[in-house]
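Throughout, protein chains are lettered first and strands after them, A, B, ... in sequence-line order, and every chain is numbered starting at 1. Only a predicted model underlies this, so the values are computations on that prediction, with no experimental measurement involved.
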2 protein chains.
Amino acid sequence: MPLTLKDIARKAGVAESTVSRALNDKPGVSEEKRKEIIQIARKHNYQPNQLAQGLAKQETHMIALLLSQLENPDYTEIIKNIERSANRAGYQIILCNTDGKPQKEKNYFELLKQNIVDGAIIVGGRLTEKNILNIVLNEEAPIVLLNRLSEEITIPSVLIDKNRGGYLAGQHLVDQGLQEIAAIMGPEDNYQESEKINGFEKALYDNDLTANPRLIKSGPLERGHGYNSFLELMEQGEMPDGFFVSHSLLAAGLTEAIKMGGYHIPGDFPIVCYGDNLISSIINPSLTIISEPLAEAAHQASNKIISLLKGETISQQISVLKPSINVRDSSLPQFKNNKK
Amino acid sequence: MPLTLKDIARKAGVAESTVSRALNDKPGVSEEKRKEIIQIARKHNYQPNQLAQGLAKQETHMIALLLSQLENPDYTEIIKNIERSANRAGYQIILCNTDGKPQKEKNYFELLKQNIVDGAIIVGGRLTEKNILNIVLNEEAPIVLLNRLSEEITIPSVLIDKNRGGYLAGQHLVDQGLQEIAAIMGPEDNYQESEKINGFEKALYDNDLTANPRLIKSGPLERGHGYNSFLELMEQGEMPDGFFVSHSLLAAGLTEAIKMGGYHIPGDFPIVCYGDNLISSIINPSLTIISEPLAEAAHQASNKIISLLKGETISQQISVLKPSINVRDSSLPQFKNNKK
DNA sequence: TTGTAAGCGTTATCAC
DNA sequence: GTGATAACGCTTACAA
């Protein structure tokens, strides 16, 4: 049995409330007694029971981190950084992987009602199901959205400007002198995907080019889609002079097809990929990527929720972060095989 | 404000204790009243306050998941599956990423003392620091180890037989008729790595072959080490006829070097890699891998801890799981370029 | 400055 | 079968 506040109080010969005050840096204790009490507590390695604390103060210092999947390397990066800054602020993270299942998501939302967490960060996924969010919003715990759109209500959010990312990619490819750029995209009905392609097309327009719709290949987020798209383009007889790819998995398939066809990257086809660091650095040649400030997004999200929990008003309800371009071999005009 | 047990009791016109009994399926309530109470509770969407429950019952239904890093795709797989089976059993997971920092690890161990979690699963990392583990063991919460060795004491653990994995790889390569197999390994002083290489060598011995120590390249777990090892072997003038690689990152570098050298995989060099699914399926050709039953390991670990929490005695203190081989293009003798 | 006592929302032990 | 009531370990008025 770990010892309790009462034990410390007895050992120190004071009342529990005094110990509580001393240990919580609250006024109303003589410096002398405070030091003594802290001494004793430390000596006996006293740890306050968070449950009791939570019950009394009505806060648990726990944050639910809801996400729809774990596999995505991007998510890993986000999780890591949320944990870090939450931890630094004295908060614990409860991992709530909804596995894309509405039922699980719903169950996890109950945590908010059960007062077991002070708030929640919701990462990605589809549009917020209004029932759920409305319920939560009207009731209790604060929520922050990361990379997830809320239609109905204004919820504090951190977003990444996918449109801007598409634009950067387009501009970079145009800068290489390309004119007929193909785009290998994820699912057509995905909002984020359409943002990317919009930005991409905007870049072309701004350079007096037009995007050829037949060079845009939407499809599932699988390697095979990247591979097949290249074949399709060949069959169409409309060879592009470069590629914008919306995900590194697609790029894996695409580069494979290109190489299989005897072509060279970036010699024949420069590529810019919207993607994560891990996969895109394994692909050969290493991909020029549109890189998202995931760590920053994660930190901002935690900061937002923590501010809310502290009752502070947050300056920006919605922050939009800008991706950047990380130029590597797949789009270097002067590419040489001199990698180490 | 969410309503409490007291509210329900008032609405039902009974005592709090009766409501508690009714809602917890405890004896001592007439069927009639129970139904009525459950009705009311459901109608008002009553959620018991887990904090109060935890305080009263001295259990929180929370499990700490301690790991030293998050980046590893293997870990993601483990986390996902631990969350799943814990969730199914009604437990929440607190994510404790120690970031490899002893201080953070220590802090997280305090959770156990603060009664905020019922138990912990510790995944991977170095040898258990005895101070910490001893403290915890002697005191309170149950702990289960996953892929982590405990030297001092017998702690319930789930391990994966790396030695066996090495053996499988060796045997498979020998079956392809190879005789001079090189091994590209991670850090030499790593226990898991030496297990792998031991198994690998054992397979050679069992087939009347001997491992050539000059064909074993230990080094950091980086792509560059894979790349350089191939160059070194060429310089040494000792060309192997195949490769055993201990990590997919190393394989990424190795395959790049091989292809750069104008050789063919598996035509010139069959490869078997000890590794995760993600990276090894992106590498071209897709790698034959020694695949670990991570999901199974995760489930066993959660089951172990949950059994312990329920006070059950667990049948096997230590379970050792066996990896399997997943043959793909990189070691197929009849490899053809007919991938879709 | 310090101590007393009333919560926080449950569960569990008693009587009735 | 049911209802008071005392825990659980802490915080926080309110007294002293």
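- Taking 4.0 angstrom as the limit, A/Gln50 places none of its side-chain polar atoms (N or O) nearer than this to OP1 or OP2 of D/dG9.
- Out of D/dT11, C/dT10, C/dT4, the shortest distance to the side chain of A/Ala15 is found at C/dT4.
- Distance, A/Glu16 CD to D/dC14 P: 20 Å, rounded to whole Å.
- Dashed line: the shortest gap from a side-chain N or O of A/Gln58 to OP1 or OP2 of C/dG9 is under 4.0 Å.
- B/Glu292 and B/Lys162 are joined by a salt bridge, as a carboxylate oxygen and a charged side-chain nitrogen come within less than 4.0 angstrom of each other.
- In this entry the distance linking CG of B/Leu23 with P of C/dT10 reads 9 Å, nearest Å.
- As rounded to whole Å, 19 Å separates atom P of D/dC8 from atom CG of B/Leu5.
- Between the side chain of B/Ser17 and the base of D/dA4, a donor-acceptor pair under 3.5 Å is found.
- With rounding to whole Å, B/Leu3 atom CG is found 12 Å from C/dG9 atom C1'.
- Checked by atom type, the side-chain pair A/Gln53/A/Asn49 shows no donor-acceptor distance below 3.5 Å.
- Side-chain atoms of B/Asn49 lie closest to C/dT10 of the nucleotides C/dT10, D/dT12, D/dC10.
- Closest approach of B/Ile78 to B/Ala298, counting heavy atoms only: O-CB, 3.6 Å.
- B/Leu55 has its CG atom 12 Å from the P atom of C/dA12, to the nearest Å.
- Taking atom NZ on A/Lys6 and atom P on D/dC10, their separation rounds to 10 Å, with Å as the unit.
- Listed pair B/Tyr46 / C/dT10 meets the phosphate criterion, a side-chain N or O lying under 4.0 Å from OP1 or OP2.
- When rounded to the nearest whole Å, the span between CD1 of A/Ile8 and C1' of D/dT11 equals 16 Å.
- With 3.5 Å as the limit, one finds a donor-acceptor pair spanning the side chains of A/Lys304 and A/Ser319.
- B/Lys33 has a side-chain polar atom (N or O) that falls below the 4.0 Å cut-off from OP1 or OP2 of D/dT2.
- A donor-acceptor pair is defined here as one N or O able to donate and one able to accept, closer than 3.5 Å; such a pair exists between the side chain of A/Ser157 and the backbone of A/Ile155.
- Among the atoms of the strands shown, only primed sugar atoms or phosphate atoms (P, OP1, OP2) are found under 4.0 Å from some heavy atom of B/Gln47.
- Using a 4.0 Å heavy-atom cutoff across all strands shown, A/Pro48 reaches sugar-phosphate atoms only and no base atom.
- Between A/Glu77 and A/Lys80 there is a salt bridge, since at least one side-chain N of the basic residue sits less than 4.0 Å from a carboxylate O of the acidic one.
- Map B/Arg34 and B/Lys57 each onto its nearest nucleotide of DNA chain D; the residue landing nearer the 5' end is B/Arg34.
- Comparing B/Arg21 and A/Ser20, the nucleotide of DNA chain D nearest to each residue sits closer to the 5' end for B/Arg21.
- For the pair B/Lys26 and B/Leu51, nearest-nucleotide mapping onto DNA chain C gives the more 5' position to B/Leu51.
- Contact annotation: B/Asn24 reaches the phosphate of C/dT11 (side-chain N/O to OP1 or OP2, under 4.0 Å).
- A close approach under 4.0 Å does occur between a side-chain nitrogen or oxygen of B/Thr18 and OP1 or OP2 of D/dG3.
- Between the C1' atom of C/dG9 and the CZ atom of B/Arg10 lies a distance of 13 Å, rounded to the nearest Å.
- The side chain of A/Gln53 places an N or O atom within less than 4.0 Å of a non-bridging phosphate oxygen (OP1 or OP2) of D/dT11.
- In this structure, A/Ser30 reaches the sugar-phosphate backbone alone: every heavy-atom distance under 4.0 Å involves primed, P, OP1 or OP2 atoms, never a base.
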